[in-house]
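To start, the structure under review is shown below, and the notes come after it.
Each ligand, and each atom within it, is numbered from 1 in the order the structure gives. Remember, it's a predicted structure, so these values are computed and weren't measured experimentally. Numbers here simply count residues along the sequence, with the first being 1.
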Amino acid sequence: MDLMLHNTLTRQRERFTPGDPARVTMYVCGPTVYNYVHIGNARPPVVFGLLADLLRRRYPGVLYARNITDVDDKINAAAKAAGVPIGTITGRYTTAYRDDMGALGVAPPDLEPHATAHIPQIVAMIERLIASGNAYAAEGHVLFAVASFPEYGRLSRRSTDEMLAGARVEVAPYKRDPGDFVLWKPSPEDLPGWESPWGRGRPGWHIECSAMSEARLGETIDIHAGGIDLTFPHHENEIAQSTCAHGGRTFARYWLHNGLLNFEGRKMSKSLGNVTLVHDLVRQHPPEALRLALLSAHYRQPLDWTDGLIEQSVRTLDRLYATLAELVDVEVDAARAPLPASVEAALCDDLNTPIALAEIARLAGEARKADGPAARAARKGELLAAGRLLGLLQQDPVAWAAQFTRGTVVDAVAIEALIERRRDAKQARDFAAADAIRVQLRDMGVLIEDTPQGVRWKLARDGATPGPA
Ligand SMILES: [Zn+2]
């Protein structure tokens, strides 16, 4: 089965063929670590992490790098505001980023290069660009001369005028051309800096990715990916730097870009507020539902991020886990279960996750109808294998059902404790206390039922009973 990917460089769907099938290389632009990340910044790690997993199924060696930008003016500003060294800010938010991505089911990349750990490589690349006539030093700055690279603008397909407008270029006396961009800039004493042939300074953002990609993956890589907002100027500049530093050899063979999240359609929710930080969202919703929501649209399309989307994703997982709960008596070796061909076909079609998810829903329907142990085991295996590749459905279905209600985390232990107290109250013939506990549970979104086998409880997510006002 061919893997088809849409290449931004050619605006075509292309069959993916790696330069070296034994060493497939992918670089994804990672976060600038000065704050908690926005849910929109989680889309690239989720979708391109899925691509890395898909590549690993097909090729023996995959090297996936996702960088950390840990020197930047926004980091400097945050450190100054807090009165701490930049390392305190970058350390804190790098850890938070890893934790938040982990909560969304994103596996760590193979390589996580940090910009500050690659200053010698950055300086060396800038020296090469000066030597080749593609860059020049002026007043403590080093600038890339865009006029020296005729292909400049090919990725974003912009005219020079559009590029100048899009980059909001700074007109500076030391620039030969307003479109020239910074590779190195001087640092005053109160800002982080490194000694260089051009004086004490710090790198520009674009050169960091070019240098880290070369240092960790090599001159020509298979896939370079990131958000569509990075196409220009960041990726355009990366191509210019890397191609010129590599004597004209190709930098990245396939360029993939994800669409952005759209918050305009978002209804303000009184209980949740307009929450958009992953750090907060994963504490208010089942993180797996957030992951499903991010995968619910094709990665190249914009995604309307609304409370309704999250709610719908929770309900979808409810149904899928309910199916798995019905199959709880069937033993399957989930790690060995074959991936359904229909799901693989959808993902090989430029990561068509909406079709893959529709296939999973169809498989769940078949699983509910399956008769006999062999058929039930086969359907359960398919469901778990498809879920594993997408980073879904790997929880205990009973734990899933007990964990959440109405988008708020509910403590199953606390529910059980209340049910026990109610039983004690009834045994003591304190019916007022027992009824009060029933009301308390209802307000938590928990419905209870007295049966001959004891008390059963379920979540009233879709019921009419809301939680406390
Ligand atoms: Zn980058």
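Residue His234 approaches the Zn ion (ligand 1) most closely through its N/O/S atom NE2.
Backbone or side-chain N, O or S atoms of His206 do not reach the Zn ion (ligand 1) at under 2.8 Å. Look at His235 and the Zn ion (ligand 1): no N/O/S atom of the residue is under 2.8 Å from the metal.
Contact between Gly259 and Arg43 at its shortest, heavy atoms only, is O-NH1, 2.9 Å.
Between the OE2 atom of Glu238 and the SG atom of Cys29, the angle centred on the Zn ion (ligand 1) amounts to 90° when rounded to 10°.
Lys185 contributes no side-chain N or O that, together with a main-chain N or O of His141, makes up a donor-acceptor pair within less than 3.5 Å.
Within the 4.5 Å cutoff, the side chain of Leu155 has heavy atoms near those of the Trp255 side chain.
Between Phe144 and Phe149, the ring-plane angle classifies as perpendicular under the 30° and 60° cut-offs.
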